[in-house]
Every structure is written in structure tokens, then in C-alpha cells.
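In what follows, every heavy atom counts, from backbone to side chain, and hydrogens, waters and symmetry copies are set aside. Below, chain A is the first sequence line, B the second, and so on; all start at residue 1.
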There are 2 protein chains.
Amino acid sequence: MATKSPVRKRVSSARDARPPAAGAAGRRPSISRDDLIAAALGLVGPNRSISTLSLREIAREAAIAPNSFYRHFRDTDELAIALIDLAGRALRKIIGEARHRASVDRSVIRSSVEAFMEQLGAEEKFLHILLREGNTGSEAFKRAVERELRFFEDELCVDLIRLAKVNNAPIAEPALAAKAITRLVFAMGAAAIDLPREHHAAILEQTVVMLRMIVAGAQRMVAENIQPG
Amino acid sequence: MATKSPVRKRVSSARDARPPAAGAAGRRPSISRDDLIAAALGLVGPNRSISTLSLREIAREAAIAPNSFYRHFRDTDELAIALIDLAGRALRKIIGEARHRASVDRSVIRSSVEAFMEQLGAEEKFLHILLREGNTGSEAFKRAVERELRFFEDELCVDLIRLAKVNNAPIAEPALAAKAITRLVFAMGAAAIDLPREHHAAILEQTVVMLRMIVAGAQRMVAENIQPG
DNA sequence: GCCAATAATATACATCTGTATAGACAAATG
DNA sequence: CATTTGTCTATACAGATGTATATTATTGGC
């Protein structure tokens, strides 16, 4: 079924991009930037990274002529960056949810990881993008993903310090612990995303134990005053 | 300078693939599987993943006609998997040697991670391949990389158990600890790979501390009989 | 020296890519 | 109405890619 798409013709429809009367002259765009982004988003999958999408392919998916693409983006790279931005915002929402639960729930670790893994299923495409494009792809991609990860780390670090005070269980090198946790969660998420969903629960349990190891170790290091070197 | 390679013609040379007299009739191969793998290895770089290499490109690099490629591999995918295999084996050998070189002032953890991070700057790009190809590429690629990671984990796991006995410091869930360490080291490696080399040392130190957290935590968990749930 | 076997090559083709150019279409304005 | 203006589409082209087919080159054995 992946052979020839039925070549739907795009006639000027009611749901055009620019609102019916916008003061500007000229033919109204039949499609918006966001529509193109959505089309690209529909093409990325378990085995397609953004960088492998071709301009023509995206145009086909969006049902426009290849050249019309240039009206909205200079490159496919430019579209990709917009897509990463979008994914980054989605990730922030996920993190926010995780933090919210963490503040309500007692077990920060468990609830955070649960939230993350849940969203893995919901915002699947975005997570795909962040997890994949962070390792492959251009420099811009990687920096965008790094930025989001750092954001995650900072928030987590604050949480760890707060919890250490609350529980009266001081923790060594909270920033490092936060970084370790973040990277590990993402790595486990990347591993999980390729597995059938029924395995996600097991991965979640594994991850939780791993994070407990990190926290327990960080606590022990301050208790025994172990030198990190 | 990346425009037109000088099209070196390949005439049957002394260093042919098959040894001079091998009992078989017919023209001797001018190139071996390994030569092709090496050519591909020379093409992967910071921003080139195996999946983006074209057959013709590899053939060009190896100075053979495109069709000669088929004498050695069915696909570029087949070559890629062989390459992943090679990278995994080479890297495991390097790390394994590092483990045995561990001494009193340079712990197993430290020397292993040192060896690992050294590979970031190494001429051979074995590490690059495993870091990148795990998240991109076809299902087969990912499974190949997963397999290599599992090898790492297994070797590390028996080492952890051995060390626990030697140091009389039992460890909880050694398999999980091994998995956490492996994934974390690879994640940190992936983060470091894009940074200028002078930052590698700092990443190394961070990683060592992180791993100590994991080990210390796993030990503490068995000591206090903490339930993982 | 001739033959069979094997490998490497040359040529060709259909397909896909990004993009240049030119013209058709649809809106707002006069 | 015609004009202007911005967006669309059609066509075309050069380059790259995977691969099918046919040809040439080099070896060992008789």
C-alpha cells in the first residue's frame, strides 16, 4: 500500500491558511507553515528521521507542488528546526506534568518516570524526534535537544535539593545526580520506544530501580564523605 | 576539497584479497569485504551515519565499480550490520583490556571509562557508529546495536559480581546496575562527542562520579535490604 | 595455448532528488 | 471592469542513485 498515493488534488478549500479577509492582496495561501510541519510530522516514524525526509516527499504528503514548499521554508532543514522547536515545547509540557505529579505524590522518582513513560505513548512522534535527532542530524538539531535536556536537568536538580531538605537526607553532587538521572531516563526511553508497548511497564520498573540506585548512592557518598576521585 | 576525487584507477595490485595461490580458479578479487567495510568506515563522520551512505559512494571510496559491490554484500544494509558488528567487537576488546589494566590507584570504573572516552578522539570511529546508529536506521540496525550493548552489559555484570566478591561488598541487582552503567556511559559519550576535545576530561570526571553513585547505591540497597518497588 | 571460472568493468535505464523558469490562478484595489 | 500582487502549478533539467545486462580481464588447470 505504500506505492502510489491517490494524488488528491488540492482545490482552494474553506480552511485556508490566511483568514478570509486579511487586508493583503494576492491569492490566499492554500496551506500554512503549520500544515507543512504537520505533514512532515506524519512522515517521521520509527525508521524515518527528519533528516531523511525529502522536500518532494513532504510536499506530496501535504498535497502541494514541490516548488510551493519554498513559499514557507527555505530548506527542509529550516522546517526540521521548526519541528524540533515544536517537539521541545511538547517535552516541556511533559516535564511540567512530571514535576506536578512529583510535588503531589510522595515518590518523586516513580511518578516522574511514570509520567515520562506515559507521554512516550501519547506524544510519541515528538519524543521520537527528540530521542533520535539528538544523536543524529545536524549540529542545530543536537543543540536544540541539548537545550531541552539541560532544562530538564535544572528542574530536577532543584527538586532533588528540596527533597533532600524535606527528608533530611542530604545528597552529594545534586547537579550531577540530576544529570545522570536525566540521561538515563532518556536512554531508557529511547530503548523502550522501539519495543512493543507491553514491555514498557518492565522498562519503567527497571528505570525506577536504576534511579533509586543513583539517589541512594549520592546520599551514601555524602554520608561517608567519599571522595569522588 | 570535497568535490571531485581524482578517480584513482585500481589495477590489480600486490595486496589483493585472496592469497596468491588459493587453489581456486578465476580472477582474483581486487578487494575484500573488509576493504569495503574500511571504506565505509572512512566515510562515516560526525554528521554522516551509515544509513546515509550510498552504494556508489562506498564503491567510489573503495575505488571499485559500483556493481562490484554486489560481489561482497547484497545491500548497503548488510555492510552496515557487519560494520556495527566490527565496531562492537573492537570496542569491547578495548574496554576489556582497560579493565585488566586497572590497578590500585586507577579503579576498574575509572580505567574503563577512560578507555571509552579515549575512543571519542580515536582515529577509528567505532564508538561514533555505535552511538549514532542505535537510534537511527532500520530495525535491523537498531537490533544490531542493541545486541552489542547487551554484550557490554553482560561482561560488565560478571565483573560487578566478581568485584563484589573480591571486595566483600555485595551488590543488589547487578544486572540492572550493569545496564544502568552501560546506558549512562553511552549517553554521556554521545553528549561528549560533539563537544570540543578539551571538555572531554570534564565529562569523564562527571561520568566516573555518576558510576560511583550507581555502584554505591546498589551496595547500599543490599545492605539496607531496600525493596526496589 | 586453450578453456573454464571468477571477478571487475562499462553501459544503460528508470527513478528520485532539488531547483530554475514561466505561466496560470485568485484575491484585493483602482 | 482591468490591474496588481502574491501564491500556486506545470514543465524541465541536471545530477545522483540502485541495479540489470553485457563485456572484458585475469586467473588456474588441461
Side-chain donor-acceptor pairs of residues 63-88 of chain B under 3.5 Å, sequence neighbours excluded:
| from | atom 1 | to | atom 2 | distance (Å) |
| --- | --- | --- | --- | --- |
| B:Asp85 | OD1 | B:Arg147 | NH2 | 2.6 |

Practice item. Can you tell me the distance, in whole Å, between the CG atom of A:Asp77 and the C1' atom of C:dT19? Key: 15 Å

Point to revise | Out of D:dT9, C:dT6, D:dT7, whichever nucleotide has its closest atom nearest the side chain of A:Ile64 | key: D:dT9

Every protein N/O lying under 3.5 Å from an N/O of nucleotides 21-23 of chain D:
| from | atom 1 | to | atom 2 | distance (Å) |
| --- | --- | --- | --- | --- |
| D:dT21 | O4 | B:Asn67 | ND2 | 3.4 |

Check your understanding: Can you check whether A:Arg71 has a side-chain N or O nearer than 4.0 Å to OP1 or OP2 of D:dT7?
Key -> yes

Exercise for review: Please check if the side chain of B:Glu173 supplies one atom and the backbone of A:Val209 the other of a donor-acceptor pair under 3.5 Å.
Suggested key: no

Check your understanding: What integer distance in Å separates A:Arg28:CZ from C:dC25:C1'?
Key -> 13 Å

Practice item. Give a yes/no on whether any side-chain N or O of B:Arg60 is located under 4.0 angstrom from OP1 or OP2 of D:dT17. Key: yes

**Study point:** Nucleic acid contacts of residues 43-55 of chain A, taken as heavy-atom distances under 4.0 Å to DNA chain C
**Key:** A:Ser54, A:Leu55

Check your understanding: Does any non-hydrogen side-chain atom of A:Phe116 lie less than 4.5 Å from one of A:Leu204?
Key -> no

Exercise for review: Please report, rounded to the nearest Å, how far the P atom of D:dG6 is from the CZ atom of A:Arg27.
Suggested key: 15 Å

Review point. Would you say the side chain of B:Thr182 lies within less than 4.5 Å of the side chain of B:Phe186, judging by non-hydrogen atoms?
Key: yes

Revision key, fill the gap. Separation of C:dT17 atom P from A:Ile58 atom CD1, nearest Å, is 11 Å

Practice item. Would you kindly check whether a donor in the side chain of A:Arg56 faces an acceptor in the base of C:dG18, or vice versa, at under 3.5 angstrom? Key: yes

Check your understanding: Can any side-chain N or O of A:Arg110 pair as donor or acceptor with the backbone N or O of A:Glu114 at less than 3.5 Å?
Key -> no

Revision key, fill the gap. Taken to the nearest whole Å, CD/B:Glu61 to P/D:dT17 is 13 Å

Practice item. Check whether any side-chain heavy atom of B:Glu153 lies under 4.5 Å from a side-chain heavy atom of B:Arg183, and answer yes or no. Key: yes

Review point. Only one of B:Lys142, B:Arg143, B:Arg150 forms a salt bridge (charged side-chain N to carboxylate O under 4.0 Å, His left out) with B:Glu146, so which one is it?
Key: B:Arg150

Check your understanding: Is any side-chain N of the basic residue among B:Glu97 and B:Arg101 closer than 4.0 Å to the acidic one's carboxylate O?
Key -> no

Point to revise | Atom pair distance, as rounded to whole Å: OH in B:Tyr70 and P in D:dG18 | key: 7 Å

Exercise for review: Would you mind reading off the distance between B:Leu36 atom CG and C:dA7 atom P, rounded to a whole angstrom?
Suggested key: 14 Å

Practice item. Round to a whole Å and report the spacing from CG of B:Asp75 to C1' of D:dT19. Key: 12 Å

Review point. Does any non-hydrogen side-chain atom of A:Thr207 lie less than 4.5 Å from one of A:Leu184?
Key: no

Exercise for review: Compare side-chain N and O positions of B:Ser30 against OP1 and OP2 of C:dA7 and report whether any pair is under 4.0 Å apart.
Suggested key: no

